[in-house]
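Down below is the structure, laid out as structure tokens.
Nothing here was measured: the structure is a model prediction, and the numbers come from that model. Excluded from the calculations below are hydrogen atoms, water molecules and symmetry mates; all remaining heavy atoms, backbone and side chain alike, are included.
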Amino acid sequence: MKMNILDDLRINAGASLSLFASITALLLQSHNTSISLAVKVHSEFYSRPLVRLLRTYLYVEMALNGSSEEKEQTASWLRWMHRHIHGSINEETRKELGMPDDVDHYGYIDELKAYIMQTLTWATISFQERFGKRLSTRAKDTIVLEYTCAGLRLGVPQSMLTTTYDDFVVSFNHRLDRLDAGYELTGTVVHNVEASVISAKKHWITGLLVRAALMVGHSLLPERVKSKYQLNILKFRTARAIQWALCTSLWLVYPFLMLIPLRGMICLLLVLEPQLRPILRSSLQAIHCMDILHDKPVLPKSKGPEKASGLPIYLSWLASGKQRPSFLQMVLVKTLQAQLQSDSWINTVRVWLTYPFTIAETCAEYAIHSANDTVRVWRSQIQESSLFHSDGEVSMPLHIGIIMDGNRRYARQLGQHVLVGHAKGAATASKVLEWWLKYLPNTVSYASPMHPRYLTCWAFSSENFERAEEERDGLFAMMAAEFKSLAFTSLVHLFRVRVRFIGGERHRFPLELLETMEMVEEITSTYDGLFLQIAVGYGGRQEVVSAVQNLVSQGKEITERNIGMETYCAQRSIPPVNLIIRTSERRTSGFFLWDTQAAELHFIDKLWPQLTEMDWLHALESFSTREIRGGR
Ligand SMILES: CC(C)=CCC/C(C)=C/CC/C(C)=C/COP(=O)(O)OP(=O)(O)O
């Protein structure tokens with residue numbers, strides 16, 4: 001079976017940045033004295049390093065694997081939290097940290113954020129390369145892009161970040177050159193980092209883990225930095241032998257290590273260190289309270305349950321995630337749950353007596369899910385191979401239009417608020433984007449002249465303005481997060497996807513949403529690989545009226561040909577739609593009223609949030625089997 005292009009890119013940057021690589025990033029960050037200083041004055045790192053470690057895990061997990069809204073909220077929270085980080089540097093501190101004479105101020109400026117993103121990139125790639133499989137250039141580019149996108153989200157200018165691995169190496173070395181030229185890394189900085197990591201009050205297992213992490217993290221530093229980091233823990237020859245042994249064992253257990261994703265690592269820390277539990281709860285709450293349209297924290301509308309069924313709600317966050325939780329993650333969550341339930345001696349006895357059964361149940365649950373997943377993957381591979389690997393030319397649509405319908409009915413079926421349905425719908429929309437890209441290279445490499453180079457999604461119709469204010473405002477906020485997410489999605493940059501918005505009635509949208517749409521169009525404006533159009537405030541009749549009005553204002557004749565040249569697609573040199581996919585209803589509701597004369601229709605009897613990868617493949621297959629005569 002041919003490997004899919006996304007298989008090569010399926011690198012969980014979160015998991016790679018486990019305990020060990022995060023120490024590498026931390027050491028690299030303290031190589032920059034401005035960061036060291038900011039950390040010393042404004043963070044709890046030196047007094048409570050585990051708290052900082054936990055928070056860093058949480059931010060990285062949210063930024064890489066959260067929902068679009070969570071990603072945006074995390075960036076918003078980080079901007080909010082760091083806004084006071086600046087100050088002047090006195091003589092004593094300058095000497096202690098070996099800072100250059102001409103630097104008298106520090107602040108959390110864009111240059112530092114860009115450097116922090118690069119330290120995470122370096123740590124993730126070198127960890128993966130050293131202990132995992134060799135990475136292809138495309139896979140390395142993806143990791144670079146993941147962190148670049150996180151940096152863009154934080155507001156770092158595009159010019160300070162890179163989009164390919166080769167450019168990253170040049171830029172990172174350039175930054176290290178500048179650091180080397182500016183000052184000599186002092187023993188105090190190195191010692192501070194090491195001492196605080198080691199001396200924190202913690203469980204003995206955490207103690208061992210952080211020592212191991214320091215040794216392994218040090219070995220992943222770039223050679224030019226490594227020699228400057230004379231860690232006390234590595235002073236003796238025996239310690240260096242232990243370091244070597246640790247690295248070799250890590251190389252051996254790497255596949256198992258990858259079974260604990262970052263959310264699992266957070267869970268492990270909470271199992272070992274109970275004092276960190278309130279930190280996770282308050283950090284999650286703070287992130288979820290960010291108003292992303294206005295970039296400031298707001299009190300939640302309803303206070304919401306602090307605890308679900310007697311247990312803190314962060315537990316369900318730990319058990320969820322973009323990917324299905326791994327087995328080890330599930331076991332760790334169950335262990336934490338058992339610890340939390342052991343609040344009296346009777347409960348302790350009850351919980352720990354039933355613990356083996358709970359784990360057995362987890363095993364069974366995991367086995368069933370894995371079997372289901374395997375069957376699902378096989379089915380889509382069979383479907384894919386019958387579609388793309390068949391002899392002869394495969395006919396593919398050049399332009400696909402999608403009508404996403406059924407979000408509210410989905411929510412109502414579950415007894416949930418309509419916005420929950422829209423959130424599920426938004427998640428399905430980003431999956432469709434992934435499937436579109438995932439099945440592209442095959443269609444291209446299987447010599448089909450027609451491949452879905454253009455995709456249009458109808459996100460908000462002219463009629464949708466008439467919905468209840470609460471739903472409409474919720475949708476605006478959700479669309480802002482989703483659209484922003486597009487600009488900060490590595491796949492969009494890797495496949496050079498140009499994003500554009502079509503539709504009218506712009507004055508009815510909030511300014512923040514309009515600015516977001518402008519920003520997304522601007523960031524992708526130079527791309528020409530693929531084209532994604534999002535229809536907002538769109539109505540078929542309104543499109544035709546606006547085309548006619550354009551002709552009238554230009555004094556042109558109203559002819560079929562002239563109207564055809566003024567439609568949204570024609571104005572952007574995009575071909576008319578060949579295939580319309582709609583969920584839950586069997587009508588087109590005026591979607592591309594003018595440009596769908598020759599379009600094939602494919603209706604799916606499911607609500608939009610229920611759409612699966614098989615449905616997508618099936619739609620392509622259904623198109624490929626039709627005889628398209630174009631009226632001849
Ligand atoms: C990136 C991208 C394209 C994001 C999309 C954002 C998103 C999910 C918009 C909502 C679309 C919408 C109004 C669906 C219609 O369901 P409905 O409310 O009409 O449901 P119903 O038919 O059950 O009433």
Side-chain angles (χ1 to χ4, degrees), residues 16-33 35-37 39-40 43 45-50 52-54 56-57 96-98 115-116 118-132 172-173 175-177 179-180 183-254 257 265 268-269 272-273:
S16 319
L17 197 85
S18 57
L19 189 62
F20 308 101
S22 62
I23 296 281
T24 311
L26 187 71
L27 293 175
L28 274 169
Q29 283 164 29
S30 50
H31 189 38
N32 183 319
T33 41
I35 298 180
S36 287
L37 186 57
V39 167
K40 185 175 163 181
S43 107
F45 175 62
Y46 291 112
S47 53
R48 298 162 81 198
L50 292 181
R52 162 114 200 267
L53 199 65
L54 176 84
T56 307
Y57 280 172
E96 185 194 340
L97 298 178
Y115 178 66
I116 289 175
Q118 291 200 325
T119 62
L120 292 165
T121 312
W122 171 272
T124 306
I125 293 180
S126 51
F127 179 79
Q128 191 94 31
E129 285 250 276
R130 176 83 176 273
F131 303 114
F172 186 49
N173 274 311
R175 282 204 165 92
L176 291 180
D177 285 342
L179 290 179
D180 286 348
Y183 60 88
E184 263 310 303
L185 188 73
T186 65
T188 322
V189 171
V190 181
H191 180 74
N192 278 350
V193 176
E194 180 180 8
S196 52
V197 171
I198 287 187
S199 64
K201 189 172 164 293
K202 52 198 172 286
H203 195 284
W204 65 269
I205 302 178
T206 322
L208 278 182
L209 273 175
V210 294
R211 280 178 175 77
L214 266 174
M215 288 183 165
V216 176
H218 183 270
S219 78
L220 295 173
L221 288 171
E223 286 307 318
R224 56 186 294 179
V225 180
K226 204 184 283 182
S227 56
K228 300 183 183 184
Y229 265 92
Q230 304 297 343
L231 294 182
N232 282 330
I233 198 171
L234 287 169
K235 243 192 204 147
F236 302 105
R237 199 174 286 171
T238 32
R240 288 199 292 277
I242 295 175
Q243 183 188 34
W244 180 87
L246 267 172
C247 290
T248 312
S249 346
L250 257 186
W251 180 76
L252 290 171
V253 301
Y254 175 86
L257 199 70
M265 279 306 290
L268 178 66
L269 272 181
L272 294 172
E273 309 291 335

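- Leu221 has its side chain within reach of Leu27: a pair of non-hydrogen atoms, C-beta onward, lies under 4.5 Å apart.
- If you run side-chain contact (heavy atoms from CB on, under 4.5 Å) between Leu220 and each of Thr24, Leu28, Ile125, Ile23, only Thr24 comes through.
- Taking the side chain as every heavy atom from C-beta outward, Tyr254 and Leu250 never approach each other to under 4.5 Å.
- The shortest non-hydrogen separation linking Cys247 to Phe131 is O-CE2, 3.3 Å.
- In this structure, Arg240 has no side chain to side chain donor-acceptor pair (under 3.5 Å) partners at least two apart in sequence or on a different chain.
- Looking at Gln243 and Val216, their side chains never come closer than 4.5 Å, going by heavy atoms from C-beta outward.
- With sequence neighbours excluded, the residues that form a side chain to side chain donor-acceptor pair (under 3.5 Å) with Thr206 are Glu273.
- Partners of Phe45 by ring pair (Phe, Tyr, Trp, His ring centres under 6.0 Å), not counting sequence neighbours: none found.
- Screening residues 121-132 for salt bridge (Lys or Arg N to Asp or Glu O under 4.0 Å) gives Glu129-Lys140 as the qualifying pairs, with residues at least two apart or on separate chains.
- Not a single ring pair (Phe, Tyr, Trp, His ring centres under 6.0 Å) links Tyr57 to another residue, sequence neighbours left out.
- The CG atom of Leu19 sits 9.0 Å away from atom CZ of Phe127, with the distance rounded to the nearest 0.5 Å.
- Residues forming a side-chain contact (heavy atoms from CB on, under 4.5 Å) with Ala25 (at least two apart in sequence, or on another chain): Gln29, Thr119, Leu120, Ala123.
- Taken to the nearest 0.5 Å, the CZ atom of Arg52 stands 12.0 Å off from the OG atom of Ser47.
- Every residue two or more places apart in sequence or in another chain that forms a side-chain contact (heavy atoms from CB on, under 4.5 Å) with Arg224 is listed here: Asn173, Leu176, Asp177, Asp180, Pro222.
- With sequence neighbours left out, the salt bridge (Lys or Arg N to Asp or Glu O under 4.0 Å) criterion links Arg211 to no other residue.
- With sequence neighbours excluded, the residues forming a side-chain contact (heavy atoms from CB on, under 4.5 Å) with Leu208 are Trp204, listed by chain and number.
- For Tyr115, there are no ring pair (Phe, Tyr, Trp, His ring centres under 6.0 Å) partners at least two apart in sequence or on another chain.
- For Arg175, the salt bridge (Lys or Arg N to Asp or Glu O under 4.0 Å) test picks out Glu111, with sequence neighbours left out.
- The shortest distance between side-chain heavy atoms of Phe20 and Ser219 does not fall below 4.5 Å.
- With a 4.5 Å cut-off on side-chain heavy atoms, Leu53 and Ser22 count as touching.
- Taking the side chain to side chain donor-acceptor pair (under 3.5 Å) definition, one finds that Thr56 meets it with nothing, sequence neighbours left out.
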